[in-house]
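Sequence positions, counted from 1, serve as the residue numbers for this chain. In what follows, every heavy atom counts, from backbone to side chain, and hydrogens, waters and symmetry copies are set aside.
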Amino acid sequence: DRMTHQEGKQSIREIIQRFFKWRPPTWRTPEMIGFTIITTIHLALLFTKKEPYASIFECMIVPTLLLWAFRHGRSRLLCLALIFCDGGDIFLETHQDHLFLAGMASFALAHICFIAMFSITGTPRTLIKRPWILVGYLFIASSLLWWSWFDLPIMLRIGIPIYTLLQMTTASSAMAYSWITGLGGMMFLTSDCLILLQLAHKVSPLVQLILIMPLYIFGVFFLTTGYCYHSHQLERKKTPQSIAPCSTHPHHASLHLWRLLPHDWILLSLPSTR
């Protein structure tokens, strides 16, 4: 029964990998265990309105993904983007009006890092071939800005259009990179759009409890894990074929050793060939 359960679990993961071009990270790593526990506690505290404990746990969520990306990823821009995201969380959770702009600036820097990270992989060429992605996000962002513009505080009317442009570019670039990062960018954008409507008093505060934080958390999660997995797949395709069949190569020997262990993201733990 145990073998059947493991085979069924493995087949589900293979189906997800084949359909979405993404394999979920194993939850047995310390970072993902921490991410799951902290996210669950934060959402429970948020739904029960237990402050300031909900804010404290919120600021601990992104660092778990940062540690995971630092161990398994190979992009400094991704790690830098996550650092700015956590900085934005800290500024916003102080609930001080004069720090709101600082939080928005920190998230803007995070989006600049995301855009640069995706641009390096050639997403601008993909967006040129698929202009409907950029046009669709541009239409959604401009419509929401037009609807909420006159109800926004005056001090935010200059910064929010710039931030919205960055957020839209991140979502478009993520969609051009892969479907799973595109899902993350879409969830991140939706979360920020709901915050925009909340600032303009267009939605109920109950929306923050139900949608804003879950969309933001899993948006960052899909952006991080999707980029790490897809970038590693691209690196594997670029690896010279002469290295693969050589049994004496240290990377090849490590690969056979790691295949014997119950890890799903084993390849991300191997040393870089660059």
Side-chain angles (χ1 to χ4, degrees), residues 22-27 29-43 46 54-94 99 102-121 123 163 166-178 180-192 195 212-232 234-235 265 268-269 272:
W22 172 76
R23 175 177 289 179
T26 176
W27 299 103
T29 61
E31 299 87 1
M32 285 302 164
I33 292 174
F35 171 81
T36 305
I37 294 174
I38 294 173
T39 299
T40 303
I41 294 175
H42 165 68
L43 293 178
L46 184 66
S55 298
I56 294 173
F57 277 92
E58 178 185 342
C59 298
M60 297 167 59
I61 294 174
V62 173
T64 60
L65 292 176
L66 174 62
L67 291 175
W68 184 88
F70 183 77
R71 282 187 57 191
H72 301 289
R74 295 174 182 170
S75 174
R76 296 178 182 177
L77 285 172
L78 174 60
C79 294
L80 192 60
L82 293 176
I83 291 174
F84 284 126
C85 283
D86 192 52
D89 287 334
I90 294 173
F91 284 125
L92 294 181
E93 287 306 309
T94 58
L99 291 178
M104 190 167 64
S106 184
F107 276 113
L109 292 174
H111 286 304
I112 291 174
C113 292
F114 280 129
I115 294 169
M117 178 184 75
F118 288 124
S119 297
I120 293 174
T121 63
T123 53
Y163 178 80
L166 292 173
Q167 173 69 81
M168 180 198 67
T169 308
T170 297
S172 302
S173 301
M175 182 66 73
Y177 184 72
S178 72
I180 199 65
T181 54
L183 175 63
M186 185 185 300
M187 296 174 78
F188 203 146
L189 176 63
T190 305
S191 176
D192 281 348
I195 294 176
I212 290 179
M213 281 311 300
L215 286 171
Y216 165 68
I217 292 170
F218 290 104
V220 177
F221 171 79
F222 286 128
L223 282 172
T224 302
T225 58
Y227 178 82
C228 287
Y229 175 75
H230 196 70
S231 62
H232 179 74
L234 293 177
E235 286 188 8
W265 280 59
L268 295 179
S269 300
S272 175

Could you go through Phe35 and Phe221, starting from their C-alpha distance and side-chain angles, then the distance that decides it, and tell me whether this counts as side-chain contact (heavy atoms from CB on, under 4.5 Å)? CA-CA 9 Å; Phe35 171 81; Phe221 171 79; 3.9 Å; yes
Qualifying residues under side-chain contact (heavy atoms from CB on, under 4.5 Å), relative to [X], sequence neighbours excluded:
| X | answer |
| --- | --- |
| Ser119 | Ile115, Thr123, Pro124 |
| Phe84 | Leu80, Ser106, Leu109, Ala110, Cys113 |
| Thr40 | Thr36 |
| Ile38 | Phe57, Met60, Ile61, Thr64 |

The criterion is side chain to side chain donor-acceptor pair (under 3.5 Å); which residues satisfy it with Gln167, sequence neighbours excluded?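 With neighbours one apart ignored, the set is His111.
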Residues in side chain to side chain donor-acceptor pair (under 3.5 Å) contact with Asp86, at least two apart in sequence or another chain: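 Asp86 satisfies side chain to side chain donor-acceptor pair (under 3.5 Å) with no other residue.
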What's the spacing between [X] [atom1] and [Y] [atom2] if we round to 0.5 Å?
| X | Y | atom1 | atom2 | result |
| --- | --- | --- | --- | --- |
| Leu65 | Thr39 | CG | OG1 | 7.5 Å |
| Met117 | Leu223 | CE | CG | 7.0 Å |
| Arg76 | Ile83 | CZ | CD1 | 12.0 Å |
| Asp192 | Ile212 | CG | CD1 | 9.0 Å |
| Leu99 | Thr94 | CG | OG1 | 4.0 Å |

Chi angles and distances behind the side-chain contact (heavy atoms from CB on, under 4.5 Å) call for Leu82, Phe70: CA-CA 10 Å; Leu82 293 176; Phe70 183 77; over 6 Å; no
Is any side-chain heavy atom of Tyr216 less than 4.5 Å from a side-chain heavy atom of Ile195?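 Tyr216 does not reach Ile195 side chain to side chain.
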Are the side chain of Ser173 and the backbone N or O of Thr170 linked by a donor-acceptor pair below 3.5 Å?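 Pair absent, no side-chain N/O of Ser173 close to backbone of Thr170.
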Nearest heavy-atom neighbours spanning His42 and Ala54: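 Closest pair (atom of His42, atom of Ala54, distance): ND1-O, 2.8 Å.
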Please list every donor-acceptor pair under 3.5 Å in which a side-chain atom of residues 180-188 meets a protein atom from a residue at least two apart or in another chain.
residue	atom	partner	partner atom	Å
Thr181	OG1	Ala174	O	2.7
Thr181	OG1	Ser178	N	3.3
Thr181	OG1	Ser178	O	3.0
Thr181	OG1	Ser178	OG	2.8

Under 30°, 30 to 60°, or over 60°: which ring-plane class applies to Phe114 and Phe118, parallel, tilted or perpendicular?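 If you compare the ring of Phe114 with that of Phe118, the planes turn out parallel.
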side-chain contact (heavy atoms from CB on, under 4.5 Å) assessment of Leu92 paired with Phe107: CA-CA 10 Å; Leu92 294 181; Phe107 276 113; 3.7 Å; yes
